[in-house]
Participant: 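Questions regarding the structure given below will be posed in turn.
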Amino acid sequence: MTADPPPPPADGPGEEGEHGATDPAALRAEVVFPSSARYLPLARGHVRWFCGECGFADPVASRLVLAVVEAITNIIRHAYDGAPEGMVRLRARQLGRASAARPGVEFELLDRGRYVERRARRGRRLEDVRPGGLGEHMIRRCLDEIHCEPRPGGGTRLVLRKYLEGGGDAGSGAQPAADGGPAG
Amino acid sequence: MTELRYDVRREDGRLVIVPEGELDMRVAPRLRQVLQDELAQGPSEVIVDLRHIGFIDSSIIATLVGGLKLARKKGGTLRVTHCRPAVRDTFEIARLLDVFGIE
């Protein structure tokens with residue numbers, strides 16, 4: 001699978017103005033909320049709306065909602081250790097509008113909590129099912145690409161991508177995406 | 001704090017739990033407590049009826065796994081029924097359809 005290169009670091013120069021700015025007609029949206037599960041319905045509604053606007057229908061749209069919620073849950077649990085005083089930034093960007101790149105959607109999650117190394121998991125036994133590990137597994141199965149990196153100054157940048165046609169899930173067949181790079 | 005809304009009934013020796021709304025980490029601890037409390041009272045055959053549920057995540061699935069393990073310790077089981085398509089898909093993603101007897 002040919003994939004777009006990982007997006008530029010979000011903390012680079014001109015972050016706010018240059019994010020997704022190559023095509024002004026491409027959909028972009030951003031929500032910022034505290035690191036509290038209270039805001040999960042907000043995130044679900046935002047992601048569902050954005051997916052619909054980008055042409056995704058169920059079951060893929062629901063899977064994207066699930067993946068983003070799982071990622072946010074991990075931020076709340078692990079990056080902020082359950083403390084609600086942190087902030088979570090959820091950016092959504094429509095892909096492939098003004099170029100030959102594949103159409104799809106990208107969700108970027110930014111936090112300033114503790115950076116936690118992500119480990120690829122390959123299958124689980126029932127005895128091993130725990131919320132965090134299962135969530136990681138589910139994220140990989142719902143997406144085509146996952147990119148995770150620490151942010152300068154602390155925290156994590158997580159980029160999740162799903163393409164509209166042809167893309168397999170990030171956990172099927174080929175090596176699952178761990179940190180950086182396409183899943184295929 | 002988000003409350004878990006649910007109905008509980010006992011029929012033919014089985015415990016049927018019927019939650020409502022969207023289930024995520026906000027209500028997972030409460031659901032776990034409900035399962036523990038109800039299983040402690042006797043029934044080991046548990047049905048979790050998800051007909052009113054539009055969304056579940058891994059925290060809920062892990063909670064249900066915990067309930068299943070508890071039920072099995074008592075020689076019983078826990079099944080999930082009446083999943084809406086998106087909820088069924090979540091169990092499928094988790095590869096736990098068979099574990100919970102979901103068709």
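What you are looking at is a predicted structure, and each value in this text was computed from that prediction instead of being measured. Labels below follow one simple rule: chain letters A, B, ... track the order of the sequence lines, proteins then strands, and each chain is numbered from 1.
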Participant: Is it true that Met87(A) and Leu40(A) fall in one hydrophobic cluster, defined by side-chain heavy atoms closer than 4.5 Å?
Facilitator: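 In one cluster with Met87(A): Leu40(A), no.
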Participant: With chain A as the partner chain, list the residues of residues 17-24 of chain B whose heavy atoms fall under 4.5 Å from it, by residue number, and write 'none' if nothing qualifies.
Facilitator: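 Result: Glu22(B), Asp24(B).
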Participant: What residues of residues 81-90 of chain B make heavy-atom contacts with chain A at a cutoff under 4.5 angstrom?
Facilitator: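 Expected list: Ala86(B), Asp89(B), Thr90(B).
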Participant: If you measure from CD1 on Ile93(B) to CD1 on Ile139(A), what distance do you get to the nearest 0.5 Å?
Facilitator: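 Nearest 0.5 Å value for the CD1-CD1 distance: 11.0 Å.
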Participant: Side chain to side chain contact (heavy atoms under 4.5 Å, CB included) between Met25(B) and Glu70(A): does it pass, once the steps are laid out?
Facilitator: CA-CA 10 Å; Met25(B) 67 180 292; Glu70(A) 292 291 346; over 6 Å; no
Participant: Please check if atom CD in Glu103(B) has more than 12 non-hydrogen atoms from other residues, nucleotides or ligands closer than 6.0 Å.
Facilitator: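 Count not over threshold, so no.
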Participant: Would you give the length of the straight line joining atom CE of Met138(A) to atom OG of Ser58(B), rounded to the nearest 0.5 angstrom?
Facilitator: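 Those atoms lie 5.5 Å apart.
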Participant: How would you list, in number order, the residues of residues 44-61 of chain A that have a heavy atom less than 4.5 Å from chain B?
Facilitator: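 Answer by number: Arg44(A), Pro59(A).
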Participant: Rounded to the nearest 0.5 Å, how far does CG of Leu66(A) lie from CD1 of Ile56(B)?
Facilitator: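 Ile56(B) CD1 to Leu66(A) CG: 8.5 Å, rounded to 0.5 Å.
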Participant: Do side-chain atoms of Arg26(B) reach the backbone of Ser36(A) as a donor and acceptor pair under 3.5 angstrom?
Facilitator: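 Looks like no, no N/O pair under 3.5 Å.
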Participant: Crowded around Arg10(B) CZ? As in, over 12 foreign heavy atoms under 6.0 Å?
Facilitator: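 Count over threshold, so yes.
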Participant: Show the nearest heavy-atom pair for residues Arg77(A) and Ser59(B), with the distance to one decimal.
Facilitator: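 Shortest heavy-atom separation between Arg77(A) and Ser59(B) comes out as NH2-CB, 3.4 Å.
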Participant: Could you check whether atom CG of Asp98(B) has more than 12 heavy atoms from other residues, nucleotides or ligands sitting under 6.0 Å from it?
Facilitator: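 Result for CG/Asp98(B): open.
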Participant: Holding to ring-ring contact (aromatic ring centres under 6.0 Å, His included), I want the full list of residues that pass it with Tyr80(A), two or more places apart in sequence or in another chain.
Facilitator: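 ring-ring contact (aromatic ring centres under 6.0 Å, His included) check on Tyr80(A) returns nothing, list empty.
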